[in-house]
Amino acid sequence: KINWDTILFFASTLMLSNVLISSGLLKWISSRIAPFADNGQVIWLLLVFILFIFVIRLFFVNVLGVMAFIIPLSFSIGEQLPDISPVLFPLTFFLAGVPGFFFITQSPVHIISFSYGYFSEKDLMKTGVATSLIWLIILLATAFFYWDRLLLS
């Protein structure tokens with residue numbers, strides 16, 4: 001017996017990501033965003049995109065689907081910013097999109113541990129909000145105090 005629902009679910013998220021890439025939408029988005037970072041507003045640009053990725057991650061349960069368009073978008077943005085390493089954005093965006101803090105279906109670990117009944121969906125959501133804020137601070141601190149120096153040296 002084949003679980004076609006799961007296969008179709010993963011295929012549909014990857015197809016949606018492919019449409020975003022092949023249509024040129026990601027290039028268009030990055031060309032509209034790059035001018036905002038020209039005035040030294042890189043921290044705000046990273047902050048806005050990390051929050052954007054957190055929201056996108058709510059709708060894309062499959063992390064592969066998120067990464068299939070986040071990584072090309074992040075490289076496209078990074079390539080257009082002359083004063084920073086183009087790798088800074090992909091590193092940050094990748095780590096922003098990997099964790100699934102809010103829903104049980106966002107992580108195999110959540111699915112397995114939820115099956116034991118020790119926490120509810122509401123508990124996970126509460127914990128997810130706090131964890132996301134901590135993760136946001138860690139990502140920004142790492143991007144500007146570690147990766148920035150490491151990548152530009």
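Since we're looking at a predicted model, the values are computed, not measured.
- Applying the ring-ring contact (aromatic ring centres under 6.0 Å, His included) rule to Phe52 yields the partners Phe49; only residues at least two apart in sequence or on another chain are considered.
- With contacts defined as side-chain heavy-atom distances shorter than 4.5 Å, the pair Phe94/Ile71 qualifies.
- Put simply, CD1 on Ile77 and CG on Leu88 are 11.5 Å apart, with the number rounded to the nearest 0.5 Å.
- For Phe103, the side-chain contact (heavy atoms from CB on, under 4.5 Å) test picks out Leu58, Thr105, Gln106, Met125, with sequence neighbours left out.
- Interatomic distance, CD1 of Ile29 versus CG of Leu73, reported as 6.0 Å (0.5 Å rounding).
- Applying the side-chain contact (heavy atoms from CB on, under 4.5 Å) rule to Leu136 yields the partners Leu47, Ile50, Leu51, Phe54, Leu140; only residues at least two apart in sequence or on another chain are considered.
- The closest donor-acceptor contact from the side chain of Trp135 to the backbone of Leu95 lies under 3.5 Å.
- Val98 and Leu133 fall into different hydrophobic clusters, where Ile, Leu, Val, Met, Phe, Trp and Tyr residues are linked whenever their side-chain heavy atoms come under 4.5 Å apart, directly or through other members.
- Grouping the Ile, Leu, Val, Met, Phe, Trp and Tyr side chains by contacts below 4.5 angstrom, directly or via other members, places Ile56 apart from Val19.
- The side chain to side chain donor-acceptor pair (under 3.5 Å) analysis of residues 48-57, with sequence neighbours excluded, yields no pairs.
- Partners of Ser76 by side-chain hydrogen bond (donor to acceptor under 3.5 Å, both in side chains), not counting sequence neighbours, listed by chain and number: Ser30.
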Distance-only criterion, 3.5 Å: show the donor-acceptor pairs between side-chain atoms of residues 111-120 and protein atoms not counting sequence neighbours.
from, atom 1, to, atom 2, distance (Å)
Ser113, OG, Val109, O, 2.8
Ser113, OG, His110, O, 3.4
Ser115, OG, Ile112, O, 2.5
Ser120, OG, Lys122, N, 3.4
Ser120, OG, Asp123, N, 3.1
Ser120, OG, Asp123, OD2, 3.2

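- The shortest non-hydrogen separation linking Phe101 to Ser132 is CD1-OG, 3.2 Å.
- In this structure, OG1 in Thr92 is found 10.5 Å from CG in Leu45, a value given to the nearest 0.5 Å.
- Grouping the Ile, Leu, Val, Met, Phe, Trp and Tyr side chains by contacts below 4.5 angstrom, directly or via other members, places Val48 apart from Ile137.
- Between Gly97 and Ile53, the shortest heavy-atom distance links the atoms CA-CG2, 3.5 Å.
- Distance OG/Ser74 to CZ/Phe89: 9.0 Å, rounded to 0.5 Å.
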